[in-house]
Amino acid sequence: MVKAVKKTPAKKTAAKKTAAKKPATRKAAAKKAASAKPAIKRSTSLSTIGRAVYIVDGARTPMIKAGNKAGPFTPVDLAVEAGRPLLARQPFDPREIDDVILGLVNVHPDEVNPGRVAALRLGCGSEVPGWTVQRNCASGQQSIDTAWKYIAAGNADLILAGGAEALSHAPLLFTQKAAGWFGQFMTAKTTGQKLAAIKNFRPNMLQPSIGLLRGLTDPVVKVNMGVTAEILAHRFNISRTDADAYSVRSHDRLAAAHNNGHLEEMHAIIDRNGKLYDHDDGVRPGNTVENLAKLRPAFEKPYGKVTAGNSSQITDGASWTILASQDAVDKYGLKPMARIVDCDWSSLDPSVMGLGPALASARLLTRHGLKQKDVGAWEINEAFAAQVLSCLKAWTQKDFCQNILGLDEPFGELDQDILNIDGGAISLGHPVGTSGNRITLHAIHAARRLNSQLAVASECIGGGMGGAMLLEIM
Amino acid sequence: MRQINQPRLDALAELTVSDLAMPVAAETQPDGLSTYKHWRLVMDTDNILWLLLDKQNDSTNTLAEAVLRELNDVLDEARTIAPKALVLRSAKQAGFVAGAEISEFVDMTDEKILRDQLTDALTILDKLEKFPVPSIALIHKYCLGGGLELALACQYRIATPDTKFGFPEVLLGLHPGLAGVWRSLRVMDPLNAMTLMLTGKNLIAKKAKIQGLVDLVTEERHFADAVRAVANGKLKKSDRKGIKGKVLNFGPARSLLAGQMEKQTAAKAKKQHYPAPFALIDIWRENGDDVKKMRKAETDSFVKLMVGDTSKNLVRAFFLREKLKAYAKGTQHDIKHVHVIGAGVMGGDIAAWSALRGFNVTLQDREIKYIAPAIKRANDLFKRRIYSEGERRAANDRLIPDVKGDGIAKADLIIEVVPENPDIKAAVYKDCEQRMKPDAILATNTSSILLETLTGTLKNPKRFCGIHFFNPVAKMPLVEIITHDKLDEKTKDRVLGFVNAIDKLPLPVKSAPGFLVNRALTPYMVEAFLAYSEGVKPEVIDKVMEDFGMPMGPIELADTVGLDVGLHVAKVLRRDLERETPEVPDWLEKLVEKGDLGKKSGKGIYKWLKGKPQKAKTDDQPPHDLTDRLVLPLLNAVADCMAEDLIEDTMAADAGMIFGTGFAPFTGGPINYAQKRGVDEIVAKLKALEEKHGPRFAVSKGWDKLK
């Protein structure tokens, strides 16, 4: 069940408390009554704990569709491709960076602790540490959150925070049984032992399980990510046509962004065979609702509403942001793009994880005394069209907003012309470790074009969470 | 923000360097241990005597006569000490032993003296081989030629994984002469041994172990334990030769294989120009089953080769190479980051080569799609030249596509490789001068524009010069460094240092039309075109020059370079040189207009298939003066360069022509060839050709000084 932030029980217990102890004076009584409000009180100004921390630059690779075989780039290859031109244009030497944090879910066995491997390959030198964070679909935003908190606390001044993923390299895994057999065979010393081991072999041990599929199935509720979208589509009455129309728009917006040069943070990359990747190649401009209607449901046949066409694509890609303190900005003459105001991680039942952004963004704004309309640029990761639309619809529903978000009024109807204006994961893919970083960086560019002083980047997280980051555009 | 603390970084790097394994000296050393100039004897705590070679006044160990003579005394003394085992290793960080001291026998003409010296040296190595207790060679970094022969005289060979083994003697017109032939055949199967000696190529330690040349490959940190293992009889020598090796040594098999080796060698080098590899094959074919006979044959053959012309001239070429390398001695180039502008065939390959050699490179072009093919070619190069996948990937990481030119602000050296148009270049320089670091160097790869034309628009010509690479960059060792009178000495030194650091041979040339190489090659190629116009078949023209000793004939060269490039350079030189240069024939203009540019477009004068020119068989005899008609204009052009004082000296000019054009190395270079043939004869021939064919053969003023 969705854990609710209920106001009334808190009031009740607070009232009980005040009833138990007889207040000595009327002033004290008034104070006690005041303390019956929600436990955590935040200031209403856009102040943040600790030093100011800025995103001063960022870059990403194109998102490349994962084909049938391993793509030409490993996760760290992509991180290096994303980082090289970014670092090349900075006024500081990469060896002056304090820390390198990379979000990445499917770590390649040859690249253990990919954050460090990437740091070394990017020329940060042996003295700059590097590490890796994982919060499933928000790993790329987790790295920014962590970097922000380090700098805000004064432990660092300049951090490279990114996200990378190469789902095309997700491993084929052998079952436990097969792995056990192999271990027995390798440790068998005598011929007799080896023959005995061979006898225990079963053909079905050759059947690998696809790591990717296992990763996309929630281990607690045993529900596939796509199914969580089906659950929400039903609850919030999102039709197949709604989802398909949203998806068509995602592709159209991305195509327009490519054509109009609105993806400034993306730079082309070249693989070692000389092949050029210069755009997010999942894009299908000119796709129509009629075409998408022909697709069969991907997760719950035959009546499901979620198809491959209205779900995020499986792609490889990487992204980096550079975070700096005021001291670093002054020392190197950096140009802040945005200040990180706050970040929220909200949790809910895994089977409806798609609502994560609805919770996290609302909580984030509310504690700063902000309303939905105060933010003029939004990025909500498009894990599934039905999932995004469910969040938007939930925000218009009084019960949901009262019972779950603790708001007296509905959060609001979000203007979709300020949401994912240059497309999203449906058209350009969702490399799991990267998306959180990509949408945070792009939110800044979108806010600049929309002339908005504030931006929010938010994503749902497999396992039942939502993350949201609030940025003040400089 | 971290402070880059260079001393601390250096200290951290020091931690990773492994010191050479040295003996733990016994408290009491043997009585009356002599002191030697080049050797040091140390008895260790396990009663093993270490012979440490540290050649005086030299950064590398070579098998000089003095070193060998001392070794003789060292071995005698070691005999009296009677240790449990003998260890032979180099005390120099640079490596084990690089070979014989070439300068010692470069002027030898007396066969008898040479034979006596060789015999003495062989006796000393025999003494080492017959030492009564196990002898162990500890080898690191390189073990080449005479050094390998020294190691082969030891019973055991232990090497670090990065050691390179080789017999480079063939590159000097020789083959091993200190028993390397039969001692390598003793431990390796004949195919492997012969390949090593015939190609002169290096063998990495791991492969050397598989082939039987080395007994154990391990890191320096385990050398002490390995030595103890040998001394205690724990290290087994495996027979790598095996059954196959023994079979291949039987007479009939040898004959067959030797025939095949001859065929393969002949495809690469003509016997009359390069006798050494064929002599080696003969030694094996005739004496492969008799060690005594092989020893004598090796010495006889070696002596004969050494006093011959080819070897003398190849040794000269070796010294010419050293001369060019010496231009960079002692210079700190301080270059880490190179920015290349222009990702075409030359620009892309210059960038790839620099990344291969460890530099960080940003590669710029108008759009990224023009950079993509360069990345592919770079990775093909890395695959060919780099052994490990991790290193290949690291090289690719160092080569960064840079459309916006962000590298300009960070580079220490900027090389411009844009089209041969002064206006385009001027625009590039303007942009660079605005953004580049104050102490960075700006260079151009121009082949046909005078530097003075380009310096006109520069704010700071002091740090501008020409760095002229040749095509293909990976193969051609020469790089012309074009100087002008406003060039700063420090910049010139840094550039020489850089070119040396990327393993190329720098040749300083003053700015003048065609510099050296193009100025010399163009009249040679144009003469070939004229002969073709007169009806001589291109196959015939090419054959006379291959017979002369050029790696390829002038028509094939023109097609390879590109007829458009050749045409352009010919026109520029005709315009800018004082010497009367003939007009380029019409048919050439027409071919270029049509798009038949040569190898790169699949058709030029020849048709090209899979990178090879399709030559027809012909019995036509060349006109009798064709060779001179083609070669003398080249010699004349070089003489012109000397007359105009463009190059420091004749050795440098010869070096430039050998390493920039492949001019028959066994001739010792064009000027050497002319002087050996007789300058007077050359002058007379030129006059005769001038009478017959025209003023383009006018005798150069430079010949006077070259007599």
Side-chain angles (χ1 to χ4, degrees), chain A residues 57 59 62 72-74 76-77 79-81 83-99 110-111 117-118 120-129 151 156-159 264 267-279 324-325 327-332 334, chain B residues 1-6 8-16 336-337 339 343 348 352 359-365 367-383 386 389-390 392-411 435 437:
Chain A
D57 202 350
F73 303 102
T74 65
V76 174
D77 285 343
V80 170
E81 290 289 343
R84 289 192 308 181
L86 175 64
L87 292 179
R89 63 178 184 241
Q90 301 308 316
F92 54 81
D93 190 303
R95 295 174 295 168
E96 294 175 283
I97 295 173
D98 288 312
D99 207 354
D110 290 334
E111 299 174 341
V117 180
L120 286 169
R121 283 178 62 183
L122 283 170
C124 295
S126 49
E127 287 212 298
V128 173
I151 298 177
D157 287 285
L158 193 60
I159 300 186
E264 310 156 49
H267 56 266
I269 63 178
I270 304 168
D271 73 18
R272 286 159 74 177
N273 286 321
K275 182 160 178 216
L276 180 64
Y277 304 86
D278 61 1
H279 66 288
S325 66
D327 286 346
V329 166
D330 293 338
K331 177 169 179 180
Y332 297 114
L334 305 171
Chain B
M1 305 161 281
R2 293 176 185 275
Q3 301 276 51
I4 297 175
N5 181 337
Q6 198 55 50
R8 189 176 70 232
L9 286 175
D10 292 341
L12 278 171
E14 266 291 301
L15 288 175
T16 63
K336 287 214 188 68
H337 179 160
H339 183 78
F359 289 84
N360 291 330
V361 182
T362 38
L363 177 58
Q364 184 181 5
D365 210 311
E367 287 179 50
I368 193 154
K369 68 181 188 203
Y370 298 120
I371 306 178
I375 301 295
K376 174 170 192 355
R377 288 198 315 274
N379 277 283
D380 289 342
L381 175 70
F382 303 151
K383 233 189 245 160
I386 300 178
E389 169 55 30
R392 291 177 190 163
R393 195 191 55 202
N396 188 56
D397 282 349
R398 288 193 288 270
L399 179 58
I400 305 174
D402 180 11
V403 177
K404 298 221 186 77
D406 289 321
I408 293 175
K410 301 219 165 161
R435 300 202 261 167
K437 295 199 296 197

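The chains referred to below are lettered A, B, ... by the order of the sequence lines, with proteins before strands, and numbering in each begins at 1.
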From [X] atom [atom1] to [Y] atom [atom2], the distance as rounded to the nearest 0.5 Å:
| X | Y | atom1 | atom2 | result |
| --- | --- | --- | --- | --- |
| A:Asp93 | B:Lys410 | CG | NZ | 7.0 Å |
| B:Asn396 | A:Asp271 | CG | CG | 9.5 Å |
| B:Ile371 | A:Ile270 | CD1 | CD1 | 5.5 Å |
| A:Asp77 | B:Arg393 | CG | CZ | 6.5 Å |
| B:Asp397 | A:Arg121 | CG | CZ | 4.0 Å |

**Residues forming a side chain to side chain contact (heavy atoms under 4.5 Å, CB included) with B:Gln364, sequence neighbours excluded** =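 Applying side chain to side chain contact (heavy atoms under 4.5 Å, CB included) to B:Gln364 gives B:His339, B:Ile341, B:Ile408.
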
**Prompt:** With sequence neighbours left out, what residues match A:Pro85 under side chain to side chain contact (heavy atoms under 4.5 Å, CB included)?
**Reply:**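 Residues passing side chain to side chain contact (heavy atoms under 4.5 Å, CB included) with A:Pro85: A:His267.
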
**Message:** Does any backbone or side-chain atom of A:Leu87 lie under 4.5 Å from a heavy atom of chain B? Answer side chain, backbone, both or neither.
**Reply:**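 The backbone, not the side chain.
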
**Request:** Give, as side chain, backbone, both or neither, the part of A:Ala156 having an atom under 4.5 angstrom from any heavy atom of chain B.
**Result:**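 No part of A:Ala156 comes within 4.5 Å of chain B.
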
For the candidates [options], which exhibits the highest count of non-hydrogen atom pairs separated by less than 4.5 Å from chain B?
| options | answer |
| --- | --- |
| A:Arg89, A:Lys331, A:Arg84, A:Glu127 | A:Arg84 |
| A:Asp98, A:Asp157, A:Asn273 | A:Asp98 |
| A:Ile269, A:Ile97, A:Val80 | A:Ile97 |

**Asked** Do you know which of B:Arg8, B:Gln3, B:Arg398 has the most heavy-atom pairs under 4.5 Å to chain A?
**Response**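 Counting heavy-atom pairs under 4.5 Å, the top option is B:Arg8.
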
**Asked** Quick one: of B:Lys376, B:Arg392, B:Arg2, who has the most non-hydrogen atom pairs under 4.5 Å with chain A?
**Response**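 Highest number of pairs under 4.5 Å: B:Arg2.
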
**Asked** Within a strict 4.5 Å, meaning less than it, do heavy atoms of the B:Ile375 and A:Arg272 side chains meet?
**Response**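 Of all side-chain heavy-atom pairs linking A:Arg272 with B:Ile375, none is under 4.5 Å.
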
**Side chains of A:Tyr332 and B:Met1 in contact at under 4.5 Å (non-hydrogen atoms)** =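 When only atoms from C-beta onward are counted, B:Met1 and A:Tyr332 do touch, with a gap below 4.5 Å.
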
**Message:** If we ignore hydrogens and angles and just use 3.5 Å, is the side chain of B:Arg377 paired with the main-chain N or O of A:Gly274 as donor and acceptor?
**Reply:**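 Side chain of B:Arg377 to backbone of A:Gly274, a donor-acceptor pair under 3.5 Å: no, none is there.
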
